[in-house]
Number of protein chains: 2
Amino acid sequence: MKKGKATIHDIAEKLNITASTVSRALNDNPRISENTKKLVLKMAKQLNYQPNHIASALRSGKSKLIGVLVPTANRNFFSSVVRGIEDIANELDYKVIISQSYEDSEKEIQNIEALLNARVDGIIASIGKNTENFDHFQKVLDKGIPLVLFDRITNQLDVSQVVIDDYQGAYDTTKHLIEVGCKRIAHFTSPKKINIYKERLRGYEDALKDFDIPFDPELIEESNMQLEDGRISMENIINKGIEFDAVFSSSDYAVMGAMQVLREHKISVPEQVKLAGFGNEPFTSFTAPPITTVDQKSIPMGRVTAETFFELLKLDGKKGNNQKTVLKPELIIRESTQKSN
Amino acid sequence: MKKGKATIHDIAEKLNITASTVSRALNDNPRISENTKKLVLKMAKQLNYQPNHIASALRSGKSKLIGVLVPTANRNFFSSVVRGIEDIANELDYKVIISQSYEDSEKEIQNIEALLNARVDGIIASIGKNTENFDHFQKVLDKGIPLVLFDRITNQLDVSQVVIDDYQGAYDTTKHLIEVGCKRIAHFTSPKKINIYKERLRGYEDALKDFDIPFDPELIEESNMQLEDGRISMENIINKGIEFDAVFSSSDYAVMGAMQVLREHKISVPEQVKLAGFGNEPFTSFTAPPITTVDQKSIPMGRVTAETFFELLKLDGKKGNNQKTVLKPELIIRESTQKSN
DNA sequence: ACTATTTGAGCAATCGATTGCATATTTATA
DNA sequence: TATAAATATGCAATCGATTGCTCAAATAGT
């Protein structure tokens, strides 16, 4: 077996034509006759020719790779978005490099660096919770490399972005809680005021206002929003003796923690306290009772993000108008907010 | 701002030396004097030189990319393994391309193809459930490209692999169920007889045997092991009126489904029926009661897999002995198997 | 029939880094 | 001091595909 793989030169030699012609034929260049193209294709198949993307990338400056940077792939939301991106990208013959920042700013910077070194044609990213300086993203923009942000965005950058309407999702959820009779709705949010948490808080506040329910700062719990944090927040509220009849958490994980604590305190859900989360993580449908939450339309978000990205790519560095797409979230009503009468 | 980025030629020009020297200096080649190296490094910094990995890959044939193929990144186990792999890879200045087969054989083949086209230096993979033909992996081996399989393996390939001791994990779990008093233990498994399910079934059977509990085929439920499948399996057993006092499922998702059905039938866990899963997915600790399961040591598995991979890479195509590493799993005992007396 | 135009294909440079071989300079050895 | 050995660097080919430019042949236009 010949070790070296077939190149366009091998094809050219066999057909007594030049490599240029082969290259053009393979790229369906109109300057090449149909007949020659057919011959080249056939010979390529016969020699089991596999294009060397590295060589092509070097010469053309296009790697056909997209770098996708997410806080963690291990979350239904992010992995679904990635799936959506992949769907579109693969159709267009692009490959996706997934890179995780693990919510670590330093790693985020390194990963961006690494992706650029890998000569990706562009980057799609969701910003880590702890990132407050955006120079590394600005650098990408400065180089004219296509960049699209999704979900975790910042308004400190002039960049295309895709988000869901976090405000609306939170508003709808809060409204729903009010409609099933809640008047003392606790809200779990993050001290990190990244866009998504700010918007959700705002939606919560506006819904209260619209239904003439007073906003009580005592009902706001700030934390890192993991399961354990949700437990602590819930314990806090209970221990302080604060009256409450619902929890609306900006994170499914935190609401899960709250539910555990309520159970330990023999406070029944939804009879005594109603619960709602955000994110529609699969486990929210597993629990007893299943938890009301907000679906973030992850797959559409992935697809829209990819489409936005490829439009940007088509501009080829020419400054176009940055797109901001806002998707409608969907309130998924489950047993945890069932009206108890 | 100069658009074109600095190359080794730019550095060379500034220092009045040749690109070869610069290249060697940057690669810390011993044939270059310390002094020159220092100068080159300084100038590289000054010009903000970023090596072009594409060019380097083309010439050297090494892309410093590892392709990682998993059924889905959206599972704690797989994403943790990937994390372990990344840890090691990044230390060695390698980047990881994550690629998902979504348990689809066709996509698995395409992804392998795509990874090879991206000229990865090697591949780390976990085989999709439905894959029965392994030609695409054999092709990788035939090309002398390093390949390591983890968790979902096959003995039809002569390849390095890393697994946990599924047999032991299942044996320990079954033994534990017996020790807390169970005598009629149902087992959920997959009709796809990939290694992990086969081994777990074997562990279950052997534990029964060792404790003189008869094996009853009526207690074996085969399915695709998702949550919904677990529900169906549980319904089957209940509807057939088969006596049982425990379920040991080869999948956490399926056991979750079983738990839901039991709850709906007002069968209490763990008092009437004890439950155990496999995989230690995070949600197993969220549920009420939390579910006993087997931890698969995902991060160590990732690290060991990566280490095995890099050993293979060092051999540079020379046939070495294939390594098979077996990690010890850990039984995580939770409330769902609490002894009720 | 003769020039103008279109079509098809070849030539050679190029992308940026690597590397085998040759050469120049310095140091060690006899 | 002449020669061998070691050290430091340069030269030029190379990896495989792409592409601007040139050129030849075929077709069209008058």
Side-chain angles (χ1 to χ4, degrees), chain A residues 2-41 43-44 47-65 93 116-121 143 316, chain B residues 2-41 43-44 47-65 93 116-121 143 316:
Chain A
K2 184 136 152 279
K3 176 131 134 267
K5 327 216 325 177
T7 72
I8 52 171
H9 292 96
D10 298 325
I11 299 177
E13 199 177 349
K14 293 267 183 190
L15 296 173
N16 265 315
I17 55 178
T18 60
S20 336
T21 304
V22 173
S23 171
R24 291 192 172 103
L26 291 172
N27 288 306
D28 206 28
N29 186 309
R31 308 181 59 74
I32 300 297
S33 70
E34 287 309 317
N35 189 41
T36 308
K37 282 181 189 171
K38 229 165 280 174
L39 287 173
V40 168
L41 258 354
M43 184 56 71
L47 296 180
N48 188 29
Y49 168 76
Q50 298 292 129
N52 185 326
H53 289 194
I54 299 268
S56 151
L58 174 59
R59 177 62 229 247
S60 68
K62 319 224 141 296
S63 64
K64 296 257 189 177
L65 290 176
D93 210 27
L116 292 178
N117 277 348
R119 290 298 195 279
V120 294
D121 287 346
K143 295 191 188 196
D316 195 30
Chain B
K2 184 138 150 279
K3 178 135 135 264
K5 326 216 328 179
T7 71
I8 54 170
H9 292 96
D10 298 326
I11 299 177
E13 199 177 348
K14 293 267 182 191
L15 295 174
N16 265 314
I17 55 180
T18 60
S20 336
T21 305
V22 174
S23 171
R24 292 192 172 102
L26 292 171
N27 288 305
D28 205 28
N29 186 311
R31 305 180 61 74
I32 301 296
S33 69
E34 286 309 316
N35 189 41
T36 307
K37 283 182 188 169
K38 228 165 279 174
L39 288 172
V40 168
L41 258 352
M43 184 57 70
L47 296 180
N48 188 30
Y49 167 75
Q50 298 291 127
N52 185 326
H53 288 192
I54 299 269
S56 152
L58 175 59
R59 178 60 228 248
S60 67
K62 319 223 139 298
S63 64
K64 296 253 188 181
L65 290 175
D93 210 26
L116 293 177
N117 278 348
R119 290 300 194 278
V120 295
D121 287 347
K143 294 191 187 192
D316 195 29

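Lettering of chains follows the sequences in order, A, B, ..., and the numbering in each one begins at 1.
Rounded to an integer number of Å, the gap from A:Ile11 CD1 to C:dA9 C1' is 16 Å. In this structure, the CG atom of B:Leu15 is 13 Å from the C1' atom of D:dT9, given to the nearest Å.
Within the model, atoms OG1 of A:Thr36 and CG of A:Asn29 stand 11.5 Å from one another, a figure rounded to the nearest 0.5 Å. Between the CD1 atom in B:Ile8 and the CG atom in B:Asn27 there is a gap of 9.0 Å [rounded to 0.5 Å]. Annotation: the span from A:Ser20 atom OG to A:Ile32 atom CD1 amounts to 8.5 Å, rounded to 0.5 Å. Atom CG in B:Asp10 sits 12.0 Å away from atom CG in B:Asn48 (nearest 0.5 Å). Atom CZ in A:Arg24 sits 13.0 Å away from atom OG in A:Ser33 (nearest 0.5 Å).
Each end of the helix from C:dA1-D:dT30 to C:dA30-D:dT1 yields a helix axis from five base pairs, and these two axes differ in direction by 40° (to the nearest 10 degrees).
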**Fill in**
Once base and sugar-phosphate atoms are separated, protein heavy atoms under 4.0 Å mark nucleotides 14-19 of chain D, 5' to 3', with B, S and - as BBBBBB
**Asked** Checking side chain to side chain donor-acceptor pair (under 3.5 Å) for the pair A:Thr21/A:Thr18: CA distance, chi angles, key distance, verdict?
**Response** CA-CA 5 Å; A:Thr21 304; A:Thr18 60; 3.2 Å; yes
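In this structure the side chain of B:Leu116 reaches within 4.5 angstrom of the side chain of B:Lys143, judged on heavy atoms. Proximity of A:Thr7 to A:Asn52: side-chain heavy atoms (C-beta onward) are nowhere separated by under 4.5 Å.
Within 6.0 Å of NZ in A:Lys14 there are 12 or fewer heavy atoms belonging to other residues, nucleotides or ligands. Around the CD atom of B:Gln50, the shell of radius 6.0 Å holds more than 12 heavy atoms that belong to other residues, nucleotides or ligands.
Here B:Asn16 lies in heavy-atom contact (under 4.0 Å) with sugar-phosphate atoms only.
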Every protein N/O lying under 3.5 Å from an N/O of nucleotides 5-8 of chain D:
| from | atom 1 | to | atom 2 | distance (Å) |
| --- | --- | --- | --- | --- |
| D:dA8 | N6 | B:Arg31 | NH2 | 3.3 |

